[in-house]
Protein chains: 2
Amino acid sequence: MALGWQDVQAEALRRIRSREWAPGEQIPNEADLARELGCARATVNRALRALAEAGWLERRRRAGTRVAPAPLRRAQVAIPLIRKEIENRGQTASHAVIDRNRPPLPPPIRAALGLPATAPVERVRTLYLADGRPFACEDRWVHLAAVPDFADAPLDRIDPNEWLVRNAPFDHGTLDYCAAPATAEDARHLSCETGAAIMVLTRTTFGPAAPVTHVRLAYAPGYHLRLEI
Amino acid sequence: MALGWQDVQAEALRRIRSREWAPGEQIPNEADLARELGCARATVNRALRALAEAGWLERRRRAGTRVAPAPLRRAQVAIPLIRKEIENRGQTASHAVIDRNRPPLPPPIRAALGLPATAPVERVRTLYLADGRPFACEDRWVHLAAVPDFADAPLDRIDPNEWLVRNAPFDHGTLDYCAAPATAEDARHLSCETGAAIMVLTRTTFGPAAPVTHVRLAYAPGYHLRLEI
DNA sequence: TAGTGGTCTAGACCACGGC
DNA sequence: CCGTGGTCTAGACCACTAG
């Protein structure tokens, strides 16, 4: 025998794909499957749980396990450091801080972070370069009450993205990618034309107790976001 | 006691965040943790495995478990049916097939699918509408040898995206989002201006044995791709 | 080669929620 | 109510790999 959970998963997937288990249909319960396949229920559980997480199955107590009617698949996107993203392309990464100061918090940023107007924030604008050519430009607001040490971060040596990832790991957050025309300022930093179609990532991250940072990242034309499914 | 794996996970996360377990540092092995926390090793294993999958820990046999130096977080993006995507916005979805035929396979598409020039393919162009207004336009190539029934799919009643998801679940595939200027044809279908910044999704999916479909989906201006992390 | 995580087992109890 | 998945346990063996 020696059936592992991956074998059970493969067999279940085969039955789903061959329509032996049709979409929407209830499949045998864990105990029966374990008996049929000759392994422990825990092994079947592990396999079916993985398939449910991948979107192939829907499981509910008492109601049993069903094949997802329209398999909702989930793709994973790794959120790498910008530096790594550049190096993974085989290029050399560098960065330059454009400016760093503490202007009043604009209402849209304040709303995204959920902070009062008086909250202490630092704004840093940074240009990321790949082989010396503009890769992306970043407009970042950092909540100093959540990350007091950021005020002393040596941003000439380590970029803001990497400093924060290393020093202020976050709990959760949201990412929003959209296509937008480059603003005049984007165009100046990225050496492209105003109005060029560029990818803009807006990201807000939160720590256990308080918002950490809000960032708008404008990628130079030609950027691709790739996902595997 | 009654410590569950989620409790163990929470405790581990607390230690990571509090730097009790510093980045890059090796943490106690599973057996020791189980003894310390008063639960079975399997419970600790489940908790630490989940943290590793989420990017907080790096685990290797013999080398033990370490706190990830720069937590590489992964975000999940659900790949919904276009119809669902529209309905989730509270709008009414509809679609219209623009044309459907069997032209020769252009080299770029052929390369993406990894098919010979003679492979039987059907091309369908479709416009997706939200509340009657253009939402996205799709240029799809379907490998008929992998999905013979597609030739008879009633695409006036069910859109190509949904038909394929329901009738030809795929194994794996790639997604590629990029920002691009709308072509003249995109602009005509989407009622926007030529050159407007739009999001373009290129997706290729493969079945167990053969490529299934290659699709270019151009979203109307204003589309956002949102991810949670 | 020894220590670590990866996994399987058999059994048990529990929580949820259709019926 | 009671069947189902969710989880815990104690023990065991295995696979990998750093030292």
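Below, chains carry the letters A, B, ... as their sequence lines are ordered, and counting in each starts from 1.
Across B/R89, B/R83, B/Q91, a single residue satisfies side-chain hydrogen bond (donor to acceptor under 3.5 Å, both in side chains) together with B/E87, and that is B/R83.
With the nearest nucleotide of DNA chain C identified for both A/W5 and B/T65, B/T65 has the one nearer the 5' end. The residue among B/Q26 and A/C39 whose nearest nucleotide of DNA chain C lies closer to the 5′ end is B/Q26. Mapping A/A42 and A/G64 onto DNA chain D by nearest heavy atom places A/G64 at the nucleotide closer to the 5' end.
Counting only heavy atoms from C-beta on, B/R41 has its side chain closest to C/dT7 among D/dG5, C/dT7, D/dC8. Of the candidates D/dC8, C/dC8, D/dT9, the closest approach to any side-chain atom of B/A40 belongs to D/dT9.
One can place CG of B/L3 at 11 Å from C1' of D/dC8, the figure rounded to the nearest angstrom. Put simply, CG on B/N29 is 17 Å from P on C/dA2, counting in whole angstrom units. Between B/E30 atom CD and D/dT9 atom C1' the separation is 15 Å, expressed in whole Å. Here C/dG17 presents its C1' atom at 16 Å from CZ of A/R59, a figure rounded to the nearest Å. C/dA10 atom C1' lies 13 Å from atom CZ of A/R35, rounded to whole Å. The interatomic distance linking B/R46 (CZ) with D/dG5 (C1') rounds to 12 Å, in whole Å. Taking atom CZ of A/R61 as the reference point, atom P of D/dC1 lies 19 Å away to the nearest angstrom. We find that CZ of B/R62 is positioned 19 Å from P of D/dC14, with the value rounded to whole Å.
Pair check for D/dG19 finds none; no Watson-Crick or G-U wobble contact set falls under 3.5 Å.
Side-chain atoms of B/R59 and B/T65 include a donor-acceptor pair closer than 3.5 Å. Remark: the A/E85 side chain and the A/Y223 side chain contain an N/O donor-acceptor pair separated by less than 3.5 Å. For the residue pair B/H214/B/T204, the side-chain donor-acceptor check at 3.5 Å is satisfied.
Taking side-chain N and O atoms only, B/N45 has no distance below 4.0 Å to OP1 or OP2 of C/dG5. The shortest distance between the side-chain N/O atoms of A/R49 and the OP1/OP2 oxygens of D/dG5 is not below 4.0 Å.
For A/R100 and A/E122, the salt-bridge test passes: some basic side-chain N is under 4.0 Å from an acidic carboxylate O.
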